[in-house]
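Okay, so here's the structure we're looking at.
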Protein chains: 2
Amino acid sequence: MDRKTRNRYETRARVLKALAHPSRLMMVDELARQERCVCELTEMVGADMSTVSKHLSILRNAGLVDMEKRGAQVYYSLRVTCVTGFFHCLEEVMRTAAEEQLELVAIR
Amino acid sequence: MDRKTRNRYETRARVLKALAHPSRLMMVDELARQERCVCELTEMVGADMSTVSKHLSILRNAGLVDMEKRGAQVYYSLRVTCVTGFFHCLEEVMRTAAEEQLELVAIR
DNA sequence: GGAGCACTTGGCCAGTTGGCCAACTGCGCT
DNA sequence: AGCGCAGTTGGCCAACTGGCCAAGTGCTCC
């Protein structure tokens, strides 16, 4: 396992970690529909604005979103559109996992 | 934001968290090619077998892999084939993020 | 049955994460 | 200039993660 290969997995993991939080997923989903300022997202997820701001900076560091200041507000938008398609894949994962659970319950 | 919606994001996040680790990504990538026993994966990632075993149970809990005992060995295989396609999406994310970095450096 | 793999599980520890509060910056309005 | 809103940052704390070691299970082969 050479360093270059290991590096690739670390980079992938960094992007995944950025996505792997319910609030951040919710925001990404919303930003896929339209750009939003921090205050709108804050209301949506129902947490402290400072918390939401930190979530957004995590998404930004991962290269997933863009930000643009406009007056007093900061508007965020989704940079990586293929994220939406990948959610469909995720739903598939979740569905088969759920079926597995059902199976296990049904056996006895 | 109703509970059902919130639930969906939590489930998605659980699957993503299961994927969001370099060693687990490496294993998923390998299992996409062929099934492997724990000892082979252990050698591949270069960690303690107990560590690898725990990683695998995380992937299993997320419904991402299947396991099958055969004699003394336990063979794991990838359950969710669409994961591979989603990695291409990830590469895209990483590429545009890298370009962004280049841009920032090039400006000055 | 006993030795020796192949795994899994529990325990422990260090490092990371996620939340809120409080303090600060910066813009817009009067 | 001064107030107030929008946002970011630092500090702190509780909870979670990931690693190794050690102990336990279960199979195979002698």
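Reminder, nothing fancy here: chain letters follow the sequence lines and each chain counts from 1.
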* Asked: Using the ring of each side chain (for Trp, its six-membered ring), is B/His21 parallel, tilted or perpendicular to B/His55, with breaks at 30° and 60°?
  -> tilted
- Query: Are A/Tyr76 and D/dA6 close enough that a side-chain N or O sits under 4.0 Å from OP1 or OP2?
  - Reply: no
Decide, yes or no, whether a salt bridge links A/Glu35 with A/Arg70 under the criterion of side-chain N to carboxylate O below 4.0 Å.
-> yes
Rounded to whole Å, CD of B/Glu68 lies from P of C/dC7 at a distance of 13 Å
Review point. Do side-chain atoms of B/Glu43 reach the backbone of B/Glu40 as a donor and acceptor pair under 3.5 angstrom?
Key: no
Rounded to whole Å, CG of A/Leu16 lies from C1' of D/dT17 at a distance of 16 Å
Rounded to whole Å, the CD-P distance (A/Glu10 to D/dG18) equals 14 Å
Answer yes or no: is there a side-chain heavy-atom contact under 4.5 Å between A/Val65 and A/Arg79?
no
Discussion item. Between C/dC21 and A/Ser50, counting only base atoms on the nucleotide and side-chain atoms on the residue, is there a donor-acceptor pair under 3.5 Å?
Written reply: yes
**Message:** Quick one, A/Thr42 and A/Asp48 - any side-chain contact, counting heavy atoms below 4.5 Å?
**Reply:** no
Review point. Hey, is the main chain of A/Met49 close enough, under 3.5 Å, to the side chain of A/Ser53 for a donor-acceptor pair?
Key: no
With the side chain defined as heavy atoms from C-beta on, A/Met67 is closest, among D/dT8, D/dC20, C/dA6, to D/dT8
To the nearest angstrom, the OH-P distance between A/Tyr75 and D/dT8 comes to 13 Å
Here the distance between atom P of D/dT8 and atom CG of A/Leu41, to the nearest Å, is 10 Å
Rounded to whole Å, CZ of B/Arg70 lies from C1' of C/dA6 at a distance of 14 Å
Tabulated below should be each protein N or O lying under 3.5 Å from an N or O of nucleotides 2-4 of chain C; please produce it.
none

Residues in residues 52-60 of chain B with a heavy atom under 4.0 Å of DNA chain D, by number, are B/Lys54, B/His55
Of D/dG7, D/dC20, C/dC20, the nucleotide closest to the side chain of A/Asp48 is C/dC20
Problem set entry | OP1 or OP2 of D/dG18 under 4.0 Å from side-chain N/O of B/Thr51 | no
Closest of C/dC20, D/dC20, D/dT8 to the A/Ala47 side chain is C/dC20
Looking only at D/dT8, D/dG18, C/dT8, the nucleotide nearest the B/Arg24 side chain is D/dG18
By nearest-nucleotide position on DNA chain C, the 5'-leaning member of A/Gly46 and B/Glu40 is B/Glu40
_Is any side-chain heavy atom of B/Val38 closer than 4.5 Å to one of B/Leu56?_
yes
Is the shortest heavy-atom distance from the side chain of B/Arg24 to the side chain of B/Leu19 under 4.5 Å? no
From the candidates D/dG7, D/dC21, C/dC20, the one with an atom nearest any side-chain atom of A/Gln73 is D/dG7
Next item on the list: Walk me through it: do A/Asp29 and B/Arg12 pass the test salt bridge (charged side-chain N to carboxylate O under 4.0 Å, His left out)?
Entry: CA-CA 12 Å; A/Asp29 225 19; B/Arg12 283 185 184 179; 3.8 Å; yes
Ranking D/dG7, D/dC21, D/dT17 by distance to the side chain of B/Lys17, first place goes to D/dT17
When rounded to whole Å, the CD to P distance for the pair A/Glu43 and D/dA6 reads 11 Å
Min side-chain heavy-atom separation B/Tyr76-B/Asp66 under 4.5 Å:
no
In whole angstroms, the gap separating P of D/dA6 from CZ of A/Arg36 amounts to 15 Å
